[in-house]
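Note that the coordinates shown come from a computational prediction; the quantities given were computed from them, not determined experimentally. Chain identifiers are assigned alphabetically (A, B, ...) following the order of the sequence lines, protein sequences preceding nucleic acid strands; residue numbering begins at 1 within each chain.
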Protein chains: 4
Amino acid sequence: MNYQHILESLYEQLKPSIGSGAPADYIPELAGVNQAQFGLALHTIDGEDYTVGDADTPFSIQSISKLFSLTLALKQLGNDVWRRVGREPSGTAFNSLLQLEYEQGIPRNPFINAGAIVVTDMLCSSYKHGDFALDRLLTLMRQLAGNPQIAIDNEVLQSELNNSHRNQAIAHLITTLGNLQNPVDQVLQTYFSHCAIRMSCLDLAKACHFLIDRGFCKNSQQTLVFPRQAKYINALMTTCGTYDAAGEFAYRVGLPCKSGVGGGIVAVLPGHFSVCVWSPGLDNNGNSLLGAQALEELTTETALSVF
Amino acid sequence: MNYQHILESLYEQLKPSIGSGAPADYIPELAGVNQAQFGLALHTIDGEDYTVGDADTPFSIQSISKLFSLTLALKQLGNDVWRRVGREPSGTAFNSLLQLEYEQGIPRNPFINAGAIVVTDMLCSSYKHGDFALDRLLTLMRQLAGNPQIAIDNEVLQSELNNSHRNQAIAHLITTLGNLQNPVDQVLQTYFSHCAIRMSCLDLAKACHFLIDRGFCKNSQQTLVFPRQAKYINALMTTCGTYDAAGEFAYRVGLPCKSGVGGGIVAVLPGHFSVCVWSPGLDNNGNSLLGAQALEELTTETALSVF
Amino acid sequence: MNYQHILESLYEQLKPSIGSGAPADYIPELAGVNQAQFGLALHTIDGEDYTVGDADTPFSIQSISKLFSLTLALKQLGNDVWRRVGREPSGTAFNSLLQLEYEQGIPRNPFINAGAIVVTDMLCSSYKHGDFALDRLLTLMRQLAGNPQIAIDNEVLQSELNNSHRNQAIAHLITTLGNLQNPVDQVLQTYFSHCAIRMSCLDLAKACHFLIDRGFCKNSQQTLVFPRQAKYINALMTTCGTYDAAGEFAYRVGLPCKSGVGGGIVAVLPGHFSVCVWSPGLDNNGNSLLGAQALEELTTETALSVF
Amino acid sequence: MNYQHILESLYEQLKPSIGSGAPADYIPELAGVNQAQFGLALHTIDGEDYTVGDADTPFSIQSISKLFSLTLALKQLGNDVWRRVGREPSGTAFNSLLQLEYEQGIPRNPFINAGAIVVTDMLCSSYKHGDFALDRLLTLMRQLAGNPQIAIDNEVLQSELNNSHRNQAIAHLITTLGNLQNPVDQVLQTYFSHCAIRMSCLDLAKACHFLIDRGFCKNSQQTLVFPRQAKYINALMTTCGTYDAAGEFAYRVGLPCKSGVGGGIVAVLPGHFSVCVWSPGLDNNGNSLLGAQALEELTTETALSVF
């Protein structure tokens with residue numbers, strides 16, 4: 001399949017819409033990003049890369065980082081991860097705190113904030129301190145992407161720490177319910193730090209190679225997780241990867257996806273390719289408006305999807 | 001791939017466990033079914049059928065019927081279906097009534113009871129009366145399976161009508177919220193009737209051919225729905241097909257699935273095969289205990305899954 | 001205290017506002033009542049009656065009937081009543097169905113619809129059938145008021161039965177949760193029947209004599225309930241008598257109150273007087289707009305309240 | 001009425017039960033209090049005091065302090081208080097966080113934790129800092145009780161600060177929803193400080209004089225709040241003063257009450273007397289087991305209640 005041709009045609013089609021969508025509004029640093037940007041990188045199982053637009057521009061990966069913190073936790077703790085976090089979609093965001101209370105502090109899945117905070121807490125414990133956990137996670141992500149320049153954006157981090165009341169509420173509630181082992185401040189510092197990592201579309205597409213190659217990481221030539229675990233992560237991305245729009249994404253895109261409010265979305269077709277699209281303007285669900293359109297077009301054009 | 005060999009090996013492996021799981025307890029007719037039964041039928045995109053065990057024994061399809069009522073509604077109404085029912089997973093069963101009130105009577109998806117009742121109401125309106133809708137649906141299912149003997153089990157139907165308080169609560173609440181157009185009694189009579197249809201594993205595996213063949217029905221040699229719609233239905237089965245265990249099924253099985261409390265589960269691998277497994281004993285989530293194991297083994301053995 | 005003077009002065013003050021508020025909108029028969037009506041009757045512990053305005057005009061008592069169905073149930077069953085219904089305020093109407101599920105079908109108190117339906121079910125069981133229970137309740141209310149003309153408004157009843165989906169949802173849900181013993185249709189027929197009773201302000205003020213006289217009914221010269229039970233009912237009126245505005249009424253009026261969407265409100269000052277005010281226009285909480293104002297003025301003017 | 005005789009007879013009756021109930025378990029300092037204590041003080045509108053048992057022993061007033069923080073806020077801000085906190089009972093504790101989200105951060109009333117935290121925030125703003133607010137509140141309580149020795153228990157305070165995750169969750173959630181103006185740490189420090197005040201039964205009975213005397217404080221010979229405001233506070237105590245047992249207390253005791261997990265309960269009969277009872281053992285709702293019994297007996301014996 002001529003991916004470069006497909007990507008360019010898709011880019012031409014979306015160009016008039018670049019800049020549409022709403023900026024992320026919850027922290028000033030994200031709101032201030034130039035909206036008129038769009039990048040897409042596709043990375044095949046054979047290691048070939050195809051890009052269009054701003055595919056080399058680093059952006060704030062935000063919730064996409066939850067994919068990697070979960071992967072590291074699975075690598076470290078195996079199935080023990082599932083003692084403290086579920087694997088089911090969460091229903092409406094509206095009653096997330098109700099769910100936590102009703103289900104004794106066990107978040108529904110690792111991709112909602114509550115779940116990712118618990119996963120971060122697991123890493124804090126496993127590596128003895130959040131700072132060590134963060135170092136390990138950053139190293140892993142550099143290896144996966146084959147890019148030692150990947151780093152945390154400290155201004156975004158500070159801004160998140162200054163606007164953290166909802167996540168503090170969640171973390172304190174989970175502590176009360178007995179499912180957080182480390183101090184709230186340490187866990188949230190670590191959590192916001194990995195959310196504030198900056199990577200490009202190309203970095204992220206490469207970093208997801210292990211999800212399309214049964215757990216094998218091409219850049220470091222190592223098996224990161226078992227084939228079964230790679231399959232598990234893809235399943236979770238499908239059912240829970242795009243907040244309250246997982247059904248919508250499965251429906252429209254038909255690929256396992258993970259999105260972030262920085263405007264990035266990664267998607268994978270196991271055995272074929274990983275892709276990362278980025279455009280800062282968001283839709284009502286907090287997913288990149290153009291990113292979702294691009295992925296929908298891509299699977300429609302190529303007739304390649306998991307369904 | 002030698003499917004018959006795989007099925008037989010799988011059957012041998014599960015034989016010692018046949019009879020395990022809890023009987024469906026909510027209506028006497030289902031509770032009375034002999035637990036020590038197990039059947040599996042696999043139907044390929046080329047039209048070949050492979051079976052083991054009680055694959056020809058008809059059983060009560062229950063919620064699997066929701067797959068076909070949705071398909072018929074999509075065929076009749078197209079995207080208008082989505083004006084009255086959502087496409088997102090529902091979270092916990094616990095707060096389903098809360099969700100209905102909060103989201104103005106729009107059920108989260110067509111596979112929870114509330115959603116299937118609304119879809120049935122659409123069919124009642126579209127065919128002018130529930131009886132006509134039911135006739136049409138039954139005809140469709142006979143055509144899809146190529147089996148004119150498929151029929152409703154009237155004892156199960158009566159039993160369901162006598163134990164219908166929760167579904168009556170749901171239907172009256174939706175009526176209050178403005179999302180039911182026909183009388184509650186008519187809608188529920190139609191709804192319970194299609195849940196009470198009896199089919200065998202082989203019937204169901206064949207009937208799902210359109211989901212693996214981009215909407216094309218092999219038995220009637222007709223295009224039932226558009227390719228895009230078949231993909232949509234598969235996506236919905238993945239995110240919402242097994243009640244509060246959709247994440248678990250995506251994780252363990254990795255195929256779009258739809259289960260029923262009669263102990264049946266259908267699963268599809270688009271482009272390859274549809275499969276139906278049946279064993280009456282249920283797990284805590286109301287899905288067939290052995291059925292889920294069989295599907296998990298099947299995808300593990302064959303390394304065939306969508307992820 | 002010169003009650004007649006107080007009532008007349010209060011009437012003069014409110015006259016310009018008569019007709020304000022919104023008509024009850026949930027059934028046509030209530031919506032069609034002439035809004036420009038206002039009546040008030042005050043009945044003292046000595047048996048004296050004072051009235052202004054349309055105090056002799058019968059109106060639909062609606063939820064005020066819950067006061068009398070509870071009284072009859074307490075008389076028949078004593079404290080066994082509290083095995084099946086609670087005594088606590090219900091919080092927001094919004095999550096009433098959630099509460100029922102969470103608390104296993106035990107409604108929070110006898111004055112919310114769910115609770116009154118369960119109380120009616122108790123009466124259906126106690127008198128062997130809803131029709132007999134209704135006869136007994138009607139007889140009781142005629143005796144309490146000393147007025148044999150009190151009757152059910154059949155047009156209102158029919159209208160309620162035709163608009164009963166929410167209450168049907170509640171009743172079926174309670175049945176599913178195991179707290180309804182009689183058929184939903186029978187219980188709701190009985191429930192709507194007593195809601196559709198017509199009485200005047202004077203009837204209701206007299207009928208509440210037992211609440212100000214330690215359980216003694218002046219008209220029938222009998223002790224209806226124990227002094228402790230009369231105190232209990234007054235306490236329940238205070239915490240739960242005006243739906244989601246019980247706090248507001250305690251705050252503004254400071255008397256035990258029970259309201260109905262027909263525009264009536266009864267209030268009592270134990271040891272002193274019972275009062276009934278009626279004006280059809282409602283406020284946002286479904287309580288009579290002018291009725292609440294009249295009661296607030298009455299307790300402010302007389303400096304008589306329980307607080 | 002011979003109050004001393006009534007109190008002594010009541011004391012004799014309860015003596016065998018002293019020590020029953022469960023100790024407060026949420027902070028070690030409260031759990032360590034000697035359970036075998038019981039005190040009761042009754043203070044009349046004429047200024048006479050009657051006591052039995054450990055009526056002079058200071059104990060941790062905990063949530064009883066919410067009565068005084070509300071009073072101070074009403075004195076400072078008048079009806080503006082009600083812009084940021086409601087006046088309705090809260091229903092089950094279970095969904096309190098759900099309620100906050102659903103009602104945009106406006107707690108249902110000033111006596112649940114969320115509401116008292118918002119009231120404390122009002123005082124922090126009104127007095128420019130929590131420390132000044134706390135000074136003012138402590139001064140007020142000393143004046144009301146006529147006891148300059150009243151002070152904060154610093155060990156209890158530290159213990160509360162170390163076990164504050166649920167209240168931190170609440171405060172951060174309210175901040176996110178826009179209804180907290182001061183830093184969470186400052187507000188909670190102030191809140192826990194006033195909860196950690198130690199007073200005796202006699203102190204508290206005297207301090208509530210203004211609630212039985214239309215806002216007039218006997219000890220300082222000043223009008224603290226308007227008569228209408230005193231009535232309002234009494235109404236709120238009745239509908240919301242004992243957490244999820246307000247209905248139960250209205251029913252059994254029939255007086256406006258405010259309880260704390262330190263085992264104290266204050267109750268008032270406007271125009272007659274205020275009373276404070278203390279015994280550390282708690283019932284399932286977190287109210288003093290013997291305290292509730294004592295109050296129930298008192299109102300049954302004297303036939304004095306508001307209902």
Closest heavy-atom pair, A:T238 versus B:T239, reported as atoms and distance to 0.1 Å, is O-CG2, 3.9 Å
Do you know which of B:G254, B:G86, B:A246 has the most heavy-atom pairs under 4.5 Å to chain A? B:A246
Ignoring hydrogens, what is the shortest heavy-atom contact between A:P89 and B:P89? Give both atom names and the distance. CB-CB, 3.3 Å
If you tally heavy-atom pairs under 4.5 Å between each of B:P256, B:S305, B:A245 and chain A, the highest tally belongs to B:A245
Scanning both residues in full, the closest heavy-atom pair of A:G247 with B:E88 reads N-OE1, 2.7 Å
Is the number of heavy atoms from other residues, nucleotides or ligands under 6.0 Å of B:D46 CG greater than 12? yes
Any idea which of B:Y251, B:F307, B:F249 has the most non-hydrogen atom pairs under 4.5 angstrom with chain A? B:Y251
For A:K231 and B:V253, which heavy atoms make the closest approach, and how far apart are they? NZ-O, 3.8 Å
At a heavy-atom separation under 4.5 Å, does B:R228 approach chain A through its side chain, its backbone, both, or neither? side chain
Which one wins on heavy-atom pair count under 4.5 Å against chain A: B:V268, B:T300, B:V306, B:N234? B:V306
